[in-house]
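As structure tokens, the structure follows; a few thoughts come after it.
Chain naming here is simple, since letters A, B, ... match the order of the sequence lines and numbering starts at 1 in each.
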Amino acid sequence: MMGKASDNLSDMKTLFEVTEVTKSFNIGPLRQLALDHCTFSIEAGLLTVLIGPSGCGKSTIVNILAGYEKVDAGEVNFLGKPVRGPAADRLVVFQESALFPWMTTYQNVIYGPAVMRIREIADIEADANLLLERVGLLEFKDKYPNQLSGGMQRRAELARAMINNPAIMMLDEPFRGLDAMTRELMQEYFLRLYEERRQTVLFVSSEIDEAIFIADRLLIMTNQPGQIIHTMQIDLPRPRTPDLLTSDRYLDFKQEALEILHSEAVKAFAKGSKAAADFLEAYAAQSGKVS
Amino acid sequence: MAVWNATKFRKAVLSITTLRGVVSVLGLLVVWELGRRFQLPFFAAVPAPSEVIKALGKVIGSGKFWNDWLASYSRVLVGFVAAQVVGIPLGLAMAMNRSFFHFAFAPLEVLRPIPPLAWVPTAIIFWPTTELSIAFVIFLGAFFTVVLNVLGGARNIDERHLRAAASFGSRRRDIFWKIVLPATLPSIFTGMAVGMGITWEVVVAAEMIAGKSGLGYFTWSSYVGGNYPQIIVGMVSIGVAGYFSSGAIRLLGKMATPWQRQF
């Protein structure tokens, strides 16, 4: 089963085709435009990272792709068919832990296949144990979520999504709110799992280092207006290891992405965005380090 | 369970918390006893603890007294269980189905403010036996609390859990049995515990009006018969019975929701 997804790498298939999507919240004078004629696509077999400043509509994109929210205008196609409501082949891993508190770690992990009632129980069990072992939670399989640390909960959630072998897994800033050390550890766990299973992933991030370190493809987003303004192919070799972070190619990618984000932030700042001011300050500090 | 040794026993039983409780209860009894002895205002007319204990000694050996306990307990059990059997599914159904909610909410809100005791005359006319009338009044006492707690709990389920469940391909049946029901369980037990308290308040009052047995009847008939110390025996019995009932519900709730334990 593990080799299956990686075979798809050669025949690149478009999973999501998003065309001219507009989405706003509230009506009247409080109307806020989250996405404005936003167009992009997501290919199968790749780890696509969606990056952009906070509040630019990244979560809105995830909610729309997952089918939790409807668009005002435009088209969202999944494997050629319009998205209508949530489905098990487009799974979301949430920002904060959404594990079911009344189930043990193991029960949480097998929930998806258990309600789908397609696979054999023995097969589900074996897969669950394998995944729990990979995320380092085998000893904690009979604990309830409130007995796990924050990092363990995120890992359990990863396993709970991966066991379903969805056509795409969407991770909405899955490591946000974790301390730096735990975050790094999570990235390693995640990369190892991805490189082993090669399931298609859309990973939302607001951290440029994290984004380039893990991505095959980078979608850069802005908030004025809410659009994908640039797509970058990150063809760094896999498996990726932390020593990559100091390589020239990595730094080139980072510099390129930062420049795009910077020029957009300047534009946004000119329009009076406070978030952009924060970014510009951070960029000044960052670019000192890079160049 | 942990092995109990002398040190652990001393820690648990002779803790400062227990000591404070014992001191406060003993203090109250002493003040009460002395108040009666010295004919202080308010205390003068109340039987002293020593008289109450004497009265308790008289009834504690009699089968009649324990029959009253049994009678009240069985009425509470019948009314309480009926309130759960009807109230929990009703609350869940209202939470799961919007149109059913609109349908059921208005009559519930009209009936809810009517105190259970105001139902007693109607209940006596409506039900063929006194026992059924009393059970019905007890049922009403717990019913509304149960429905509102279940409804509130089921409606406050974390949106993320529902979204996650929907993503994993859950059917409506799965959402109900695996998500809504367990997520509501803590609220169900809160409703049960509060409902249990109301049940005891109601059973006693109902027995005073229409009963021929039970702790409420015991208390009231002691008053009518002029046996004042026995009134206090009845009152304390009701308090102890209620305490044990609520304790049982709490224990049941802890066992049914193991994920809520503090670690």
request  = Mind ranking Gly67(A), Pro166(A), Pro113(A), Gly112(A) by heavy-atom pairs under 4.5 Å with chain B and telling me who comes out on top?
outcome  =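 Ranked by heavy-atom pairs under 4.5 Å with chain B, first place is Gly112(A).
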request  = Specify which of Pro101(A), Gly85(A), Ala87(A), Pro86(A) makes the most heavy-atom pairs with chain B at under 4.5 Å.
outcome  = Pro101(A)
Segment of Ile179(B) engaging chain A (4.5 angstrom heavy-atom cut-off) =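 Looking at Ile179(B), backbone and side chain both touch chain A.
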ask   = Contact part of Asp174(B) toward chain A, heavy-atom cut-off under 4.5 Å: side chain, backbone, both or neither?
value = both
Which pair of non-hydrogen atoms, one from [X] and one from [Y], has the smallest distance, and what is that distance?
X: Ala164(B); Y: Tyr68(A); answer: N-OH, 4.2 Å
X: Arg171(B); Y: Met116(A); answer: NH2-O, 4.0 Å
X: His161(B); Y: Trp102(A); answer: ND1-CH2, 4.0 Å
X: Ala161(A); Y: Phe168(B); answer: CA-CE2, 4.4 Å

query = Taking side chain as C-beta onward, heavy atoms only, is Val115(A) less than 4.5 Å from Lys178(B)?
reply =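 In contact.
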message = Could you measure the distance from the OG atom of Ser167(B) to the CE atom of Met169(A)? Nearest 0.5 Å is fine.
response =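 Going from the OG atom of Ser167(B) to the CE atom of Met169(A) covers 12.5 Å.
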[X], [atom1]: over 12 other non-hydrogen atoms inside 6.0 angstrom:
X: Phe25(A); atom1: CZ; answer: yes
X: Lys143(A); atom1: NZ; answer: no
X: Trp177(B); atom1: CH2; answer: no
X: Phe103(B); atom1: CZ; answer: no
X: Met235(B); atom1: CE; answer: no
X: Arg172(B); atom1: CZ; answer: no
X: Ile114(B); atom1: CD1; answer: yes

query = Is it the backbone or the side chain of Ala66(A) that comes under 4.5 Å from a heavy atom of chain B, or both, or neither?
reply = neither
Contact origin within Asn63(A) toward chain B - heavy atom pairs under 4.5 Å = side chain
task = Tell me, please, which residues at least two apart from Phe175(A) pass ring pair (Phe, Tyr, Trp, His ring centres under 6.0 Å).
result =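 With sequence neighbours excluded, Phe175(A) shows a ring pair (Phe, Tyr, Trp, His ring centres under 6.0 Å) to Phe203(A), given in chain and number order.
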